[in-house]
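Every chain is numbered from 1, with letters handed out A, B, ... down the list of sequences.
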Amino acid sequence: MTERTIQVEILTRVEGEGGLLLKLRGSDVERIELRIYEPPRFFEALLRGRPLEDVPDITARICGICPVAYQMSSVHALEQALGVAVSPEVRRLRRLLYCGEWIESHALHVYLLNAPDFLGFDSGLDMASRYPEEVSRGLRMKKHGNQLIEALGGRSIHPINVAVGGFYRSPRRDELERLIPDFRWCVDAAIETVRWTASFDFPDFSRDYQMVSLIHDTEYPMNEGDVGVLEAGPGPDGGRGAERIPVAEYERQFREDHVAHSTALHSVRVGTGRPYLVGPLARVQLNWEHLSPTARELAREFGFDRTCGNPFRTIVARSIELVHAYEEALEILGSYEPARPARNTYAYRAGAGCAATEAPRGLLFHRYTVDEGGRVREARIVPPTSQNQGQIEADLRAWVPHVATADDATLARQCENLVRCYDPCISCSTHFLNVRVERA
Amino acid sequence: MKPKLAVFKFASCDGCQLSLLDAEDHLLAVAGALDIAFFPEATSRMRAGPYDVALVEGSITTAHDAERIRAVRRDAKCLITIGACATAGGIQSLKNWADHTDFIRAVYATPEYIATLATSTPIADHVHVDFELRGCPINQYQLIEVIQSLLAGRRPRTPSHSVCIDCKRRGTVCVLVARGEPCLGPVTQAGCGAICPAYDRGCYACFGPAAQANLAGLTARLASDGMRPGRIAQSLRTFNGYAPAFREESDRLADGRDRVDEVRR
């Protein structure tokens, strides 16, 4: 039996720095490691002693691609700790802001990071010569997502307008309404995106996922809901068969484990010890009934109303969420009323709060303890990529035998392609080092 | 021959290099004018140096990275730092004020993790830097200006005046004077577009200290408005807290209580 060691020094077209190590004996996988060498930045430790008002500004800096997600999970958790409710107008504005982030992040991933794998290019930029229309469509879709975050958040990376209790200022109606014509164009562009990505050639590969996403009774989940767990299986589900777990129970139901083949911590379900999947593929399947009308039809047409366990098809799920995000954004933009006041006031009190929201890459859990002077005593953050990490390794283990006859370079590339399907954000996931700290 | 560009990442959030991909209207033009030889976030094709220009994001927090930045320097004709992490040490430099022994003991319950340095330091503490682009995150248009300047063979033009000037240009009512809102705009370098006061909040210094900033003048004013010295120190210690001007003033205000978690509001 020949032994092979394949090392991907730098995973490309992902956010942050990581690599991949594979050891094979024949077509058997002896060892697989998704290696993370991104240096830890100790956010949970840095937050201790800071005024709670600083938290959304500081946690945004965990990730330049999904700062809104960090801001959203943190303000919701802190509002729970303080016992402050937000107005319906603020709630809608937060959804609108989240739509902007899903759009810029998903369009970046679909067009510049992931599509090149299916079309045989090294980058989205290289793709531009053969697919000029598609690349410029993707760039324009992404731009309008960024413009939405700018209008509402002040700037697209690390927005400045999110506050505990609401926003620092409600945008004027004209600041938002001027986005409407472009967003109408974007809905059509997103529909074309779904048809385009669905036409890619997908490997015949499927996994029995334990899919985890927020679920909500009446809406596609972004900022609130219960944690839904759906076991992959036959038949239409739409989240109906999903187990529901209150967010407050999250830490009792999911834990981070040390597994023998890796030095990385892996999130698993307590009890079964199984890894699980978060992100668009899980979210669409648990919630397809609450997608916007056009997105829902597309989800049905492309089979997401039944269980799809093919991680390569996540790009289609992500594109369907683009349709949803533009449609929901249009709906909010069209009926926008500025929130007055822009934020609710609160009194400090000692307490704890937790929240989960849906980052573009999946569920993002935050918990904070604050003291009577409004300072952070303890913080815990569980980002989506550290939750997916165990699942990514398990999927690689199953995927390698399909491509084991290929030469080393091709095999490495095939594995990298699979890793990219999860849109891993390694800058975020280095966080789990800190999470371990909290438990030590 | 098109200039060869490389983009390197150290301890950071990825946001500053994302600014390049977020320059949607200019991206294809930039890609056409430069030879993108190494930019792992954007392309799987990676070529070895030497490079004409290296954009460096992130701060130095590990011994391995302290070595790696030297290699980057050797390979780069022109090294430009992008953002607060690379230029001032970033938010992670808050650990520079923490008790290192406690910190490491708390974090490294298991020894197999990579070793981390006691500090997070800017790139210029390790190697010569040809140009620094401020901001958390950087301003996309300043980045384009830097790239255009390099192509034209001139020095980039970025402002060194304070946020106050941009606020006046924008016609925003002063949040500090009119509402007593703590604002670091008077001591912070412009570049963001003075967005925070336009959104009814004080500037929190994403672009670091402005040239000749009168730190003592501003902090005295904040104190007379009722803000405690410890809280003022803490507000200087964020993304650019380790930049010399902010560091010195915050240390003076913290008055020996140099552990961040002891600073009281």
Under 4.5 Å from a heavy atom of chain A, the part of [X] involved:
{"X": "B:C16", "result": "neither"}
{"X": "B:S120", "result": "neither"}
{"X": "B:N139", "result": "neither"}
{"X": "B:A31", "result": "side chain"}
{"X": "B:A198", "result": "backbone"}
{"X": "B:F39", "result": "neither"}

For residues [X] and [Y], report the shortest heavy-atom separation together with the two atoms involved.
{"X": "B:A42", "Y": "A:S123", "value": "O-CB, 3.1 Å"}
{"X": "B:F239", "Y": "A:D57", "value": "CZ-O, 3.7 Å"}
{"X": "B:Y199", "Y": "A:Y168", "value": "O-CB, 3.2 Å"}

**Prompt:** Can you find a heavy atom in the side chain of B:C206 that is under 4.5 Å from one in the side chain of A:R61?
**Reply:** yes

**Request:** For residues B:R45 and A:D126, determine if any side-chain heavy atom of one lies less than 4.5 Å from a side-chain heavy atom of the other.
**Result:** yes

Rounded to the nearest 0.5 Å, what separates atom [atom1] in [X] from atom [atom2] in [Y]?
{"X": "B:D25", "Y": "A:K143", "atom1": "CG", "atom2": "NZ", "value": "3.5 Å"}
{"X": "B:S59", "Y": "A:R41", "atom1": "OG", "atom2": "CZ", "value": "7.5 Å"}
{"X": "A:L125", "Y": "B:L27", "atom1": "CG", "atom2": "CG", "value": "5.0 Å"}
{"X": "B:L18", "Y": "A:S156", "atom1": "CG", "atom2": "OG", "value": "7.5 Å"}
{"X": "B:F38", "Y": "A:T12", "atom1": "CZ", "atom2": "OG1", "value": "10.0 Å"}
{"X": "A:F43", "Y": "B:L94", "atom1": "CZ", "atom2": "CG", "value": "9.0 Å"}

**Message:** I need the single residue from B:C136, B:P137, B:C13 that forms a side-chain contact (heavy atoms from CB on, under 4.5 Å) with A:I157. Which is it?
**Reply:** B:P137

**Prompt:** Does NE2 belonging to B:H64 count more than 12 external heavy atoms closer than 6.0 Å?
**Reply:** no

**Asked** Just wondering, more than 12 heavy atoms not from A:R130 lying within 6.0 Å of its CZ?
**Response** no

**Asked** With a 4.5 angstrom heavy-atom cut-off, which part of A:E9 approaches chain B: side chain, backbone, both or neither?
**Response** neither

**Asked** Does any heavy atom of chain B fall under 4.5 Å from the side chain of A:R420, the backbone, both, or neither of them?
**Response** side chain

Out of [options], which one racks up the most heavy-atom pairs below 4.5 Å with chain B?
{"options": "A:I65, A:L112, A:L11", "value": "A:I65"}
{"options": "A:R155, A:R413, A:R140", "value": "A:R155"}
{"options": "A:L108, A:I10, A:N146", "value": "A:N146"}

**Prompt:** Checking B:R201 side chain against A:I160 main chain: does a donor-acceptor pair fall under 3.5 Å?
**Reply:** yes

**Asked** Is A:R50 reaching over with its side chain to a backbone N or O of B:Q234, donor-acceptor style, under 3.5 angstrom?
**Response** yes

**Item:** Salt bridge present between B:R68 and A:E17 (N-O < 4.0 angstrom)
**Value:** yes

**Complete:** Max heavy-atom pairs within cutoff under 4.5 Å with chain A, candidates B:E41, B:Q92, B:E24, goes to B:E24

